[in-house]
Enquirer: 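Structure provided below as structure tokens; questions to follow.
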Amino acid sequence: MLALEVGNIEEALAFYDRVFELSLRGRSEKMAFIDMGDQFIALFEAHTQHPDEGRHFGLVVDDKEKVRRQLEQAGVKLLPGRGVEFRDPWGNRVQIVEYAHIQFTKRQAVLDGMGCADLHKSREAIEELARKGMAVKEN
């Protein structure tokens with residue numbers, strides 16, 4: 001679960017919906033709860049912090065380049081660097097990470113339930129997990 005402060009719930013829902021596939025789990029006047037795949041995000045209308053240059057959060061996606069295109073189409077400025085990072089309208093720094101390249105894995109039943117049965121880990125991620133004694137059995 002991730003909790004984010006935003007300036008306006010309606011604007012936040014519209015912003016994140018333009019870029020990601022999400023579903024609204026519930027909401028009130030000053031809060032909204034959304035699902036993005038198997039990631040749960042709580043949005044709170046109470047912007048009290050200034051943008052922080054060091055802190056960020058990552059969202060795991062199945063296609064990082066697709067998200068890059070959606071961000072560009074939505075007019076979102078990408079931050080400098082080789083990855084896909086941006087700030088939302090409230091200054092929250094977001095890093096996009098592709099599932100294939102991260103160390104954690106999902107059970108096949110979870111992938112099937114999410115409609116992502118064809119997702120696989122990269123060779124580098126599998127080797128990294130094996131070095132840590134966490135061998136991955138790919139489909």
Side-chain angles (χ1 to χ4, degrees):
M1 179 188 157
L2 171 69
L4 287 180
E5 288 186 352
V6 297
N8 180 285
I9 292 296
E10 288 300 325
E11 291 173 14
L13 288 170
F15 174 80
Y16 281 101
D17 192 43
R18 277 196 309 272
V19 179
F20 302 100
E21 294 176 23
L22 60 89
S23 59
L24 184 63
R25 180 183 282 208
R27 69 163 301 161
S28 67
E29 183 180 338
K30 300 282 186 184
M31 295 187 300
F33 305 96
I34 57 176
D35 290 319
M36 294 172 60
D38 65 343
Q39 300 165 109
F40 175 71
I41 301 175
L43 302 172
F44 296 92
E45 188 173 312
H47 190 71
T48 58
Q49 291 190 169
H50 298 287
D52 185 325
E53 292 302 316
R55 286 186 300 169
H56 72 281
F57 69 93
L59 292 174
V60 178
V61 300
D62 58 342
D63 187 344
K64 182 170 71 172
E65 292 309 312
K66 177 182 175 184
V67 173
R68 180 191 303 271
R69 289 188 302 275
Q70 290 169 296
L71 287 163
E72 290 169 347
Q73 289 171 359
V76 177
K77 180 183 173 196
L78 296 177
L79 298 175
R82 57 188 192 116
V84 177
E85 293 189 36
F86 66 95
R87 289 197 183 276
D88 71 9
W90 304 277
N92 296 303
R93 185 175 181 147
V94 184
Q95 177 185 30
I96 303 302
V97 182
E98 193 160 327
Y99 173 76
H101 303 292
I102 57 174
Q103 291 182 25
F104 75 81
T105 61
K106 297 180 189 305
R107 294 188 57 109
Q108 190 60 46
V110 173
L111 290 170
D112 292 345
M114 293 173 56
C116 298
D118 59 341
L119 284 182
H120 299 281
K121 305 306 274 174
S122 69
R123 181 181 50 80
E124 294 84 4
I126 291 170
E127 290 171 357
E128 186 173 353
L129 286 165
R131 283 191 303 273
K132 294 180 176 185
M134 298 181 277
V136 175
K137 189 170 141 182
E138 275 292 299
N139 314 346

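None of the values given here were measured: they were computed from a predicted structure.
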Enquirer: Rounded to the nearest 0.5 Å, what's the gap from CE on M36 to CZ on R25? Could you check?
Expert: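 Result: 13.0 Å between the selected atoms.
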Enquirer: What distance separates E10 CD from E29 CD, expressed to the nearest 0.5 Å?
Expert: 10.5 Å
Enquirer: Give the minimum heavy-atom separation between I9 and E45, together with the two atoms involved.
Expert: N-OE1, 3.0 Å
Enquirer: Rounded to the nearest 0.5 Å, how far does CG of L78 lie from CD of E85?
Expert: 9.5 Å
Enquirer: Taking atom CG of L43 and atom CD1 of I34, what is their separation to the nearest 0.5 Å?
Expert: 4.5 Å
Enquirer: Honestly curious: do V94 and L2 fall in one hydrophobic cluster under the side-chain, below-4.5 Å linking rule?
Expert: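 Yes, it is one cluster - the side chains of V94 and L2 are joined through contacts under 4.5 Å.
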Enquirer: Which pair of non-hydrogen atoms, one from W90 and one from E5, has the smallest distance, and what is that distance?
Expert: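 Of all heavy-atom pairs spanning W90 and E5, the closest is CB-O, 4.1 Å.
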Enquirer: Can you give each donor-acceptor pair under 3.5 Å made by side-chain atoms of residues 17-24, sequence neighbours left out, with the distance rounded to 0.1 Å?
Expert:
| unit_1 | atom_1 | unit_2 | atom_2 | d |
| --- | --- | --- | --- | --- |
| E21 | OE2 | K66 | NZ | 3.4 |

Enquirer: Starting at CD of Q95, measure out to CZ of F57 and round the result to the nearest 0.5 Å.
Expert: 10.5 Å
Enquirer: Please find the pair of heavy atoms, one from F33 and one from R27, that lie closest to each other, and give the distance.
Expert: CD1-N, 4.5 Å
Enquirer: Output the distance between atom CG (D63) and atom CD (Q70), rounded to the nearest 0.5 Å.
Expert: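 With rounding to 0.5 Å, CG (D63) is 8.5 Å from CD (Q70).
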Enquirer: Please identify each residue that fulfils salt bridge (charged side-chain N to carboxylate O under 4.0 Å, His left out) with R82, with sequence neighbours left out.
Expert: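 None.
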Enquirer: Among all residues two or more places apart in sequence or in another chain, which pass the side-chain hydrogen bond (donor to acceptor under 3.5 Å, both in side chains) test with E65?
Expert: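 Listed in chain order: R68.
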Enquirer: Is any side-chain heavy atom of Q39 closer than 4.5 Å to one of L59?
Expert: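 In contact.
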Enquirer: Classify the ring geometry of F86 against F15: parallel below 30°, tilted from 30° to 60°, perpendicular beyond 60°.
Expert: tilted
